[in-house]
Amino acid sequence: MASVVTPLDQPSNYKDSQSRVDRQKQNDFLAKSATLYIGNLSFYTTEEQIYDIFTKCASPEDGGGVKRIIMGLDRHTRTPCGFCFVEFYTHAEALAAMRYISGTKLDERIIRCDLDLGYRDGRQFGRGKSGGQVRDEHRQDYDPGRGGWGAQAQRIEIERRREVEARYADTEQGGPVAGGGEDWKEQNNGAAATLKRGRSPEDEGDNERQRARVEERDLDTGRM
């Protein structure tokens, strides 16, 4: 009779894209591996917390135990980015951790454990363009345990804020100045000049009469 319960200590079908071994060799390595990949961790989970939970599956009486923990780091900031590697001394301990720890909660997150081909230098860094994990590059939801919004959503928000700040900066500096200001002044000055009334012949006649009255008054003054 076929089993209807999926064994909890079986590795997933995941294959490291940077690994050069074929599927058969990968399965052979995993059958002996004592290294686990731990995913979906909170950015705030510490190495001490991970050690504390995984030592529960260790067998020190048989010469086993947690050999080392390698925290996954953001490639640029060197801060935790949500995964780690746990190395045991024996394959049996790794299987026990998959059976009893994978799918449980740590820092209010359901973590997952998977057998790994083995840690090598450089794998502790995220492979995403932003420095973290690839899964966080495309995440559209807000996850406070993994840095908030996904990297793409953050870039869109940053660009939007820059556009808003640029518009406000223009406003604070007086805003864009409309062109043609000097032309307007020239046109106004020209219009003012044309508004002045030119001298007419009647004006000249008025001036002559004014001068005649002044001269006549001067003569009268001289007679007195």
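- Looking at every heavy atom in both residues, T79 comes nearest to T77 through OG1-OG1, 2.7 Å.
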In sequence, state the C-alpha distance, the side-chain angles, and the governing distance for D143 and R109, and then conclude on salt bridge (charged side-chain N to carboxylate O under 4.0 Å, His left out). CA-CA 11 Å; D143 190 340; R109 303 185 67 84; 2.9 Å; yes

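- For E108, the CD atom sits in a loose shell: 12 or fewer heavy atoms of surrounding residues, nucleotides or ligands are nearer than 6.0 Å.
- Of all non-hydrogen atoms in C84 and I50, the two that sit nearest each other are SG-CD1, 3.7 Å.
- Taking every heavy atom of both residues into account, R139 and R146 meet most closely at NH2-O, 3.1 Å.
- Two residues are said to be in side-chain contact when any heavy atoms from C-beta on lie closer than 4.5 Å; R123 and D116 meet this criterion.
- Rounding to the nearest 0.5 angstrom, the gap separating the NZ atom in K129 from the NE2 atom in H76 is 11.5 Å.
- In this structure, V66 and A58 approach most closely via the heavy-atom pair N-CB, 4.4 Å.
- Contacts classified as side chain to side chain donor-acceptor pair (under 3.5 Å) and involving residues 90-102 (residues at least two apart or in different chains) are given here: D9-R99, T90-E93.
- Between the CD atom of Q24 and the CZ atom of F29 there is a distance of 11.0 Å, given to the nearest 0.5 Å.
- Closest of all the heavy-atom pairs between N40 and I110 is ND2-O, 2.7 Å.
- Contact check for L106 versus L41: side-chain heavy atoms found under the 4.5 Å cut-off.
- Residue L117 holds its CG atom at 11.0 Å from CG of D28, rounded to the nearest 0.5 Å.
- Taking all atoms of both residues into account, the shortest heavy-atom contact from L115 to A94 is CD2-CB, 3.9 Å.
- Take A97 and apply the side chain to side chain contact (heavy atoms under 4.5 Å, CB included) test, not counting sequence neighbours, and it matches L36, F54, C57, F88, I101.
- Through direct or indirect side-chain contacts shorter than 4.5 Å among Ile, Leu, Val, Met, Phe, Trp and Tyr, Y119 is connected to Y37, I70, F83, F85.
- Note: K105 NZ to S42 OG = 13.0 Å, rounded to the nearest 0.5 Å.
- Between D52 atom CG and E47 atom CD the span is 12.5 Å, to the nearest 0.5 Å.
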